[in-house]
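Proteins come first, then strands; the chains are lettered A, B, ... in the order of their sequence lines, and each starts at number 1. Source: prediction; values computed, not measured.
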Protein chains: 2
Amino acid sequence: MKGNNLGEFEELALLTILVLGDDAYGVTIKQAIIKQGERQISRGALHTALSRLEDKGFLTSRQGEASEARGGRPKRYYEVTNKGKEALHEAKATRDRLWNQIPEVRLELQYAW
Amino acid sequence: MKGNNLGEFEELALLTILVLGDDAYGVTIKQAIIKQGERQISRGALHTALSRLEDKGFLTSRQGEASEARGGRPKRYYEVTNKGKEALHEAKATRDRLWNQIPEVRLELQYAW
DNA sequence: AACACCAAGTCTACATTTTAGAACTTTATT
DNA sequence: AATAAAGTTCTAAAATGTAGACTTGGTGTT
């Protein structure tokens, strides 16, 4: 890819991180995505996407603390970079522009009879 | 994939077909995508996506006539199915919902100084 | 100190999507 | 018949998406 296009899952992940703000790490991101009701995802799936996004400069991460509850491995918090935000805006703009060019009629569902 | 998620290129293609309406076939779709100014794509790339979308029931195709100008192989016209439209609406809804949950501040670009 | 146990991140490997470019097909023109 | 034009189809590789097993780092219990 040219390097600036986001895959659909990547985009979903970035948006979710922006929604979560300060509290975006693996588990919360996963929960949020699932809660959006859209799909089931695994830890692994998410983390590979996140680390690819980081490689490409769409987000950065920093080590956090362990969970209070019962200990556990330290969290890794994610933050969307400027580049990431720009990519999101661009993706949105392109699609919005396309949606605006579609006449209403053409969106109606057809039923056989 | 589960079977109902659209890849980002797939989505772009479906939207473009809706924009083009009656005149959507390989070449016009390709031109339209490029003209949206977003990217360069090859014939092959587009056609594989289209046929995959057809396999998945997001669009149908029918054979058309050859070009008037100078002949040539008959065109294949594409049309988005109900299922395709629904998938587009869903994808849009999910993202719009996410965008609405992002506070303005969090979208601002950061500059070092 | 040793051990169980929990929360989370990392690794591995395979499936699906994206991509480009070469090859092919059909028709028109000369 | 040969060549050109307008398209589509094939092939193969790179990028993304995905699940599940594995590891690590911490806390609590004895």
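Distance A:Lys56 NZ to D:dT16 C1': 8 Å, rounded to the nearest Å. As rounded to whole Å, 9 Å separates atom P of C:dT18 from atom CG of B:Leu6. A straight line from CD of B:Gln63 to C1' of D:dT8 spans 9 Å, rounded to a whole angstrom. A:His47 places its NE2 atom 7 Å from the P atom of C:dT10, with the value rounded to the nearest Å. Rounded to whole Å, the distance from CG on B:Asn5 to P on D:dT16 is 17 Å. Atoms CD1 (B:Ile29) and P (D:dA6) sit 18 Å apart, rounded to a whole Å. At whole-Å resolution of the value, CD in A:Glu8 and C1' in C:dT17 are 11 Å apart. When rounded to the nearest whole Å, the span between CD of B:Glu11 and P of D:dG17 equals 13 Å.
Annotation: side chain of B:Leu59 is not in contact with side chain of B:Glu79 (no heavy-atom distance under 4.5 Å).
Put simply, the side chain of A:Arg52 and the base of D:dG17 share a donor and an acceptor less than 3.5 Å apart. Applying the 3.5 Å distance criterion, the base of D:dT9 shares no donor-acceptor pair with the side chain of B:Ser51.
Partners of B:Gln63 according to the side chain to side chain donor-acceptor pair (under 3.5 Å) rule, which considers only residues two or more places apart in sequence or in another chain, are B:Arg76. In terms of the ring-ring contact (aromatic ring centres under 6.0 Å, His included) criterion, B:Tyr78 has no residue partners (sequence neighbours excluded). The side chain to side chain donor-acceptor pair (under 3.5 Å) check on B:Glu86 picks up nothing, with sequence neighbours excluded. The salt bridge (charged side-chain N to carboxylate O under 4.0 Å, His left out) search around A:Asp96 returns A:Lys92, not counting sequence neighbours.
For A:Lys75, no side-chain nitrogen or oxygen approaches OP1 or OP2 of D:dG25 to under 4.0 Å. Look at B:Tyr25 and you'll find a side-chain N or O under 4.0 angstrom from OP1 or OP2 of D:dG7. Within the structure, a side-chain polar atom (N or O) of A:Arg39 is placed less than 4.0 Å from OP1 or OP2 of D:dT18.
Map B:Tyr78 and A:Glu10 each onto its nearest nucleotide of DNA chain D; the residue landing nearer the 5' end is B:Tyr78.
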So which protein nitrogen or oxygen atoms get under 3.5 Å of nucleotides 21-24 of chain D's nitrogens or oxygens?
{"residue": "D:dT23", "atom": "O2", "partner": "A:Arg73", "partner atom": "NH1", "Å": "3.1"}

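Looking at the side chain of B:Thr48, the nearest of the listed nucleotides C:dT19, C:dA20, D:dT16 is C:dT19.
Residue contacts shown for A:Ile41 are limited to sugar-phosphate atoms, with no base heavy atom under 4.0 Å away.
Screening residues 42-55 of chain B for salt bridge (charged side-chain N to carboxylate O under 4.0 Å, His left out), with sequence neighbours left out, gives B:Glu10-B:Arg52.
Under the side chain to side chain contact (heavy atoms under 4.5 Å, CB included) rule, B:Leu14 has a single partner from B:Val80, B:Val19, B:Thr81, which is B:Val80.
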